[in-house]
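Here's the structure we're looking at; comments come further down.
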Amino acid sequence: SCRIRAGAAGTFLAAGGVPPARILQESAAWDTIGNAWFTRVMHAEPRLLRRLLVITSDFHLERSKAIFEWVFSLPWPGAETAGGRATEARARYTLAFLGVS
């Protein structure tokens, strides 16, 4: 299951020296769109995170990249506006992606 793999990845990263407080796992979603959305609303927005590393399988990398970039480019409700349009959310985030076998 995805939740077991995410837990194993978190354990691997912590064993490799990544501070556990910097490892955030999304486990509420049932699909990639949900992964991106819940990552944004449960982790990025509340913690004011602006740089994220998304780790996924090689097989899902391109799809995950497209979906995460789309979700993280959507205007946030109540976002400031510029010239009557919501400001570009994409500029607020730096997303990096890592595909693993």
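Just the heavy atoms: all of them, side chains too, but no hydrogens, waters or symmetry mates, feed the values below.
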Do any pairs count as a salt bridge (charged side-chain N to carboxylate O under 4.0 Å, His left out) and have a residue in residues 42-54, sequence neighbours left out, and if so which ones?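 Every salt bridge (charged side-chain N to carboxylate O under 4.0 Å, His left out) pair that includes a residue of residues 42-54, provided the two are not neighbours, is Arg40-Glu45, Glu45-Arg92.
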So which heavy atom on His60 is nearest to which on Ser57, and how close?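 Closest pair (atom of His60, atom of Ser57, distance): CD2-OG, 2.9 Å.
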If I compare all heavy atoms of Ala44 with all of Tyr93, which pair ends up nearest, and what's the gap?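 Closest approach of Ala44 to Tyr93, heavy atoms only: CB-CE2, 4.1 Å.
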Other than Leu24, what residues sit in its cluster of Ile, Leu, Val, Met, Phe, Trp and Tyr side chains whose heavy atoms are under 4.5 Å apart, directly or through others?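 Via sub-4.5 Å side-chain contacts, Leu24 links to Leu49.
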Side chains of Phe68 and Leu52: does their closest heavy-atom pair fall under 4.5 Å?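 Heavy-atom side-chain distance check fails, nothing below 4.5 Å.
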Does Gln25 offer a backbone N or O that forms a donor-acceptor pair with the side chain of His43 under 3.5 Å?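 Yes, the answer is positive, given that a donor and an acceptor are paired below the 3.5 Å cut-off.
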Consider only side-chain heavy atoms of I, L, V, M, F, W and Y, link residues closer than 4.5 Å, and tell whether Leu98 and Leu13 are in one cluster.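 Same hydrophobic cluster.
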Under a single-linkage definition using a 4.5 Å side-chain heavy-atom cutoff for Ile, Leu, Val, Met, Phe, Trp and Tyr, are Leu48 and Val41 assigned to the same hydrophobic cluster?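 Result: no, two separate clusters.
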Asp58: which residues meet the side chain to side chain donor-acceptor pair (under 3.5 Å) condition with it, sequence neighbours left out?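 For Asp58, the residues satisfying side chain to side chain donor-acceptor pair (under 3.5 Å) (neighbours in sequence not counted) are Ser101.
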Applying side chain to side chain donor-acceptor pair (under 3.5 Å), can you list everything that pairs with Thr56, at least two apart in sequence or on another chain?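 Side chain to side chain donor-acceptor pair (under 3.5 Å) list for Thr56, sorted by chain: empty.
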Mind checking the OG-CG spacing from Ser64 to Leu95? Nearest 0.5 Å is all I need.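 Answer rounded to 0.5 Å: 11.5 Å.
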Among Glu69, Arg63, Lys65, side-chain contact (heavy atoms from CB on, under 4.5 Å) partner for Ile67: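 That would be Arg63; it is the only one of Glu69, Arg63, Lys65 passing the side-chain contact (heavy atoms from CB on, under 4.5 Å) with Ile67.
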Please name all residues satisfying side chain to side chain contact (heavy atoms under 4.5 Å, CB included) with Ala14, sequence neighbours left out, ordered by chain then number.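 In terms of side chain to side chain contact (heavy atoms under 4.5 Å, CB included), with neighbours along the sequence ignored, Ala14 is linked to Pro20, Ile23.
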